[in-house]
Amino acid sequence: MTINFMSKMLIPTRKESPSDSDTISHSLLIKGGYISQLLSGVYTYLPIGLRIKNKIINIIREEMNNMGCNEILMPALQPLEYWEKSKRSKAFGDIIFSILDRKKRKLILGPTHEEVVTKLFADTVNSYKQMPIIFYQIQTKFRDEARPRGGLIRVREFTMKDAYSFDIDDQALEISYEKMSTAYQKIFSRCGVPVVKIEADSGAIGGKGSQEFIYLTTSGEDNVILCDCGYAANEEKATMSIEKNKEEVQLDKEKINTKNITDIDQLSIFFKLPKNKFLKSVFYIAHDKEDKLIPIVASIRGDLEINETKLSNFLKVSNLRKMNEKEIKNYNIIAGYAGPYQLNKDIISIADESLVNADNLIGGSNELNYHLKNVNFIRDWEANFTTDLALVTSGSSCINCNKKLNSKKGIELGHIFKLGKLYSEIFNIKITNPDPSKSIPVMGCYGIGIDRILASVAENGSSNNSLTWPITISPFHVHVINIGKKEESKTMEIENSLKKISDLGIEILIDDRDETVGKKFADADLIGIPLRILFSKRNLDKNKFEIVDTTNQESSFFDIKDFEKIVIRLINNLKNKYEVEVIKN
RNA sequence: CGGGGCUUAGCUCAGCUUGGUAGAGUGUCCGGUUUGGGACCGGAAGGCCAGAGGUUCGAAUCCUCUAGCCCCGACCA
């Protein structure tokens, strides 16, 4: 192992935060000289950033290999045809970077690899004897995100570990899925980042069930719904228990003049009634698979909001948006006074379950300046479909235990999916069974964002001007700082000791620069190595050295003759904190 | 894709309202003094004021367009 000298390394630390950073990890990664921005959402890794990234990759690789996964490397370049075949070119849309080769063939820079891996499987595996099999790769992905943000939190070019399992049936998939889930817990523990595992929406990837591993932080962009009882779900997916309105005797409808009163808040004040006594209607346009526009009215009790992810999943469309003013006019909808009845017949009506048995609600009359009192579902109107469309928010009641739910922000670090036969059917892959029949393999896919782990760990162990990396992914194990002028007589002795521990595999960064001690400490705070070894005249004169554990700021003094023993012991102590401590939830 | 903001020295910013070809701090380089928390003294280099067009005798400054970057929202494995 070589000893690394700061005077020779590119670690461009800065005193001031970059003007264009809002999240603490972004600011610290720039200030500490870990990364450098090239384009919006595209970063260069500088030496210490790259060292951390490589350590995260090594941990992931070890855990994948321990599970018997096969590491492969698929190309970033893919033919667009595959994506047309799986009908995902539309679902992903503008997020795909596409290019033409010299023969004008359409290629894309892969945002993910389900299509390619399915084709690979078809070409290379054909018997049940070869199953189960899991492929994985650590590779650069490209996604032209509409809005990159937060430094490494949302980028357009990033490194991902993606794995794909192929099993003989659903039962076998369960086993692969659970094994992968356990491996993920180990990976996050070893990287020193706390995660919660939550129920998730599977989005454009498709499939029958998925979970995410989330690091909770206000810098995150996913909304996570959590309960003390252990219930945890992505806001997109979360369900809640809704208190039903009391059943009432259904009264006759009545038209009330409500001039200039158009939203639930105002209506609630006007009628002096709680919001759950109103009927809310929201109008959308969905694009179906052939890109035809479908008008939708979604209705829900007035105290609740529509979860648009649930709505678009129910409709099986990837493109859902609110109706614009022009479309509202075209369908003769009277904004502010609309109800989900007596509308243009093209409009598909979907009602939330909260409306079932909610009697005598106040809803729009579809006539300007009037609302209707005592509107009753079934008696007065029916929807084409009734389903759960409600958005869960902080304060909603838990579906399991009825306690109040919390909503928190988080960063999605990993996502695991049960894909089922989705892609194996599209690409028509079959494997031979023990008997003469053939089966369609069942797939799972599993992703981890490596850059996001790095950003999350930076968020986790940070203050305004300092970072502390877990020893397992720290760019070096120890940071050696000389204070004051070198004492010629002792220098040789120290260098010999450093060389010895370095030969044992300990990674050492020495601040050999001719800088003042303040500058050296400030830089060390940003570089974040958890063990700091200090040599100074006043200690050397007593044949002592000082070692600081920056995870708790504890400083201790030891005899130089014990140097190797002490350093190794402290490193091992720190390592033990992170090794294989699987979080259960 | 909608809304907002920004773009002047390597970095963080001032100057723009009221037009007269550019400033600070920090960093860098040189010399010296310092050395347990970004220290001090002296000297130096460093800018096509994002780009294009316009108004003007004259534009960093006023007007128009374009681009880039950031934030909020929409979208999103």
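What's counted below: heavy atoms across the whole structure, side chains too, no hydrogens, waters or symmetry copies. Here the structure is a predicted model, which is why all the values come from computation and not from measurement. To find a chain, count down the sequence lines: A is the first, B the second, and so on, and within it residues start at 1.
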- Query: With under 30° as parallel and over 60° as perpendicular, where do the rings of A/F558 and A/F545 fit, or are they tilted in between?
  - Reply: tilted
- Minimal heavy-atom distance between A/I96 and A/W83, with the atoms involved, is CD1-CE3, 3.9 Å
- Message: Taking the C1' atom in each of B/rC6 and B/rG51, what is the distance between them to the nearest angstrom?
- Response: 16 Å
- Just checking A/S21: base, sugar-phosphate only, or nothing, at a heavy-atom cut-off of under 4.0 Å? nothing
- Here the distance between atom P of B/rU28 and atom CG of A/L10, to the nearest Å, is 13 Å
- Message: As a test of the definition: with a 90° window around 0 for syn, would you call B/rU56 syn or anti?
- Response: anti
- Task: Can you tell me the distance, in whole Å, between the CZ atom of A/R14 and the C1' atom of B/rG27?
- Result: 11 Å
- Message: Regarding A/P12, tell me which of base, sugar-phosphate or nothing describes its non-hydrogen contacts under 4.0 Å with the strands shown.
- Response: nothing
- Message: Quick check: on RNA chain B, is the nucleotide nearest A/K15 upstream (toward 5') of the one nearest A/S312, or the reverse? Name the residue that is more 5'.
- Response: A/K15
- Whole-Å C1' distance, B/rG36 and B/rG42: 27 Å
- Message: Using the C1' atom as the point on both nucleotides, what is the distance between B/rG38 and B/rU26, in whole Å?
- Response: 10 Å
- Query: Does the B/rG38 base have a donor-acceptor partner in the side chain of A/E515 within less than 3.5 Å?
  - Reply: no
- Hey, is the side chain of A/S536 poking within less than 4.0 Å of OP1 or OP2 on B/rG36, counting only N and O atoms? no
- Task: Identify which nucleotide among B/rU35, B/rA74, B/rC69 has an atom closest to any side-chain atom of A/I483, counting heavy atoms from C-beta outward.
- Result: B/rU35
- Mate of B/rU56 where both pairing distances stay under 3.5 Å, Watson-Crick or G-U: none
- Task: Using a 4.0 Å heavy-atom cut-off across all strands, classify A/D162 as base, sugar-phosphate, or nothing.
- Result: nothing
- Message: Heavy atoms from C-beta onward define the side chain here; which of B/rA74, B/rC72, B/rG36 lies closest to that of A/A146?
- Response: B/rA74
- Message: Please evaluate residues A/S165 and A/D167 with respect to the criterion side chain to side chain contact (heavy atoms under 4.5 Å, CB included), reporting the C-alpha separation (whole Å), side-chain torsions for both, the decisive distance (0.1 Å), and the verdict.
- Response: CA-CA 7 Å; A/S165 65; A/D167 282 289; 4.0 Å; yes
- Searching all strands shown, indicate the nucleotide that pairs with B/rU33 (Watson-Crick or G-U wobble; both distances under 3.5 Å). B/rA39
- Query: So what does A/E412 touch, heavy atoms closer than 4.0 Å: a base, only the sugar-phosphate, or nothing?
  - Reply: sugar-phosphate
- Quantified in whole Å, what is the P atom distance between nucleotide B/rC65 and nucleotide B/rG4? 14 Å
- Message: Could you tell me how far apart A/K519 (NZ) and B/rC40 (P) are, to the nearest whole angstrom?
- Response: 14 Å
- Which listed nucleotide (B/rU12, B/rG37, B/rA39) is nearest to the side chain of A/E16? B/rU12
- Query: For B/rG27, which nucleotide in any strand shown is its Watson-Crick or wobble partner with both distances under 3.5 Å?
  - Reply: none
- Task: Classify the nucleic acid contact of A/L39 as base, sugar-phosphate or nothing, counting any heavy atom under 4.0 Å across all strands shown.
- Result: sugar-phosphate
- Query: Hey, which of A/R149, A/K408, A/K409 is the one that makes salt bridge (Lys or Arg N to Asp or Glu O under 4.0 Å) with A/E221?
  - Reply: A/R149
- Say you pick atom P in B/rU12 and the same atom in B/rU7; how far apart are they, in whole Å? 11 Å
- Task: Identify whether the glycosidic angle of B/rC6 places it syn (within 90° of 0) or anti.
- Result: anti
- Message: Base, sugar-phosphate or nothing for A/Q211? Non-hydrogen atoms, less than 4.0 Å.
- Response: nothing
- Message: Distance check, P atoms only: B/rC71 and B/rG32, in whole angstrom units.
- Response: 46 Å
- Query: Can you tell me how far P of B/rG10 sits from CD1 of A/I30, to the nearest Å?
  - Reply: 17 Å
- Message: In this structure, how many angstroms lie between the P atom of B/rC70 and the CG atom of A/L38, rounded?
- Response: 12 Å
- Would you mind checking if A/K85 and A/E115 are paired as a salt bridge, meaning a charged N to carboxylate O distance below 4.0 Å? no
- Message: Need the pair for B/rU17. Rule: Watson-Crick or G-U wobble, both distances under 3.5 Å, any strand; none if unpaired.
- Response: none
- Just name whichever nucleotide pairs with B/rC75, Watson-Crick or G-U, keeping both distances under 3.5 Å, else none. none
- Message: Using the side-chain hydrogen bond (donor to acceptor under 3.5 Å, both in side chains) criterion, which residues pair with A/S27? Sequence neighbours excluded.
- Response: A/S17
- Item | Any-strand Watson-Crick or G-U partner of B/rA22, both distances under 3.5 Å | none
- Would you state whether a donor and an acceptor, one from the side chain of A/N539 and one from the base of B/rG36, lie under 3.5 Å apart? yes
- Mind checking who B/rC65 pairs with, Watson-Crick or G-U wobble, both distances under 3.5 Å? B/rG51
- Message: Is the ring pair A/F427/A/Y82 parallel, tilted or perpendicular, if the boundaries are 30 and 60 degrees?
- Response: tilted
- Message: If you only use heavy atoms from C-beta on, which nucleotide in B/rC69, B/rG36, B/rA74 is closest to the side chain of A/D20?
- Response: B/rC69
- Message: Please confirm whether the shortest side-chain N or O distance from A/Q37 to OP1 or OP2 of B/rG68 is below 4.0 Å.
- Response: no
- Query: Is A/G150 touching bases, backbone alone, or none of the nucleic acid, heavy atoms closer than 4.0 Å?
  - Reply: sugar-phosphate
- Can you check the A/K520 NZ to B/rG36 P distance for me, whole Å? 11 Å
- Phosphate OP1/OP2 of B/rA74: any A/R321 side-chain N/O under 4.0 Å: no
- Message: Base, sugar-phosphate or nothing for A/D94? Non-hydrogen atoms, less than 4.0 Å.
- Response: nothing
- So which one's nearest nucleotide on RNA chain B is more toward 5', A/G518 or A/E221? A/G518
- Task: On the 0 to 90° scale, with breaks at 30° and 60°, tag the A/F213-A/F188 ring pair as parallel, tilted or perpendicular.
- Result: tilted
- Would you mind reading off the distance between A/R532 atom CZ and B/rG36 atom C1', rounded to a whole angstrom? 12 Å
- Query: On a plain distance test, is the side chain of A/N465 in donor-acceptor contact with the base of B/rG38 below 3.5 Å?
  - Reply: no
- Reckon A/T516 touches a base, only the sugar-phosphate, or nothing at all at heavy-atom distances under 4.0 Å? base
- Heavy atoms of other groups near A/D94 CG, more than 12 under 6.0 Å: no
- Of all the choices, B/rC72, B/rG38, B/rG36, which nucleotide is nearest to the side chain of A/R147 once you look at every atom? B/rC72
- Just checking A/F158: base, sugar-phosphate only, or nothing, at a heavy-atom cut-off of under 4.0 Å? base
- Item | B/rG27 to B/rU61 separation - P atoms, rounded to the nearest Å | 31 Å
- Task: Let me know the distance between CG of A/D514 and P of B/rU34, rounded to the nearest Å.
- Result: 13 Å
- Message: Heavy atoms only, 4.0 Å cut-off, all strands: where does A/K141 land among base, sugar-phosphate and nothing?
- Response: base
- When you measure from the centre of the six-membered ring of A/Y177, is the NZ or CZ of A/K418 under 6.0 Å away and within 45° of the axis? yes
- Rounding to the closest angstrom, what is the interatomic distance between B/rC63 and B/rA22 at atom C1'? 23 Å
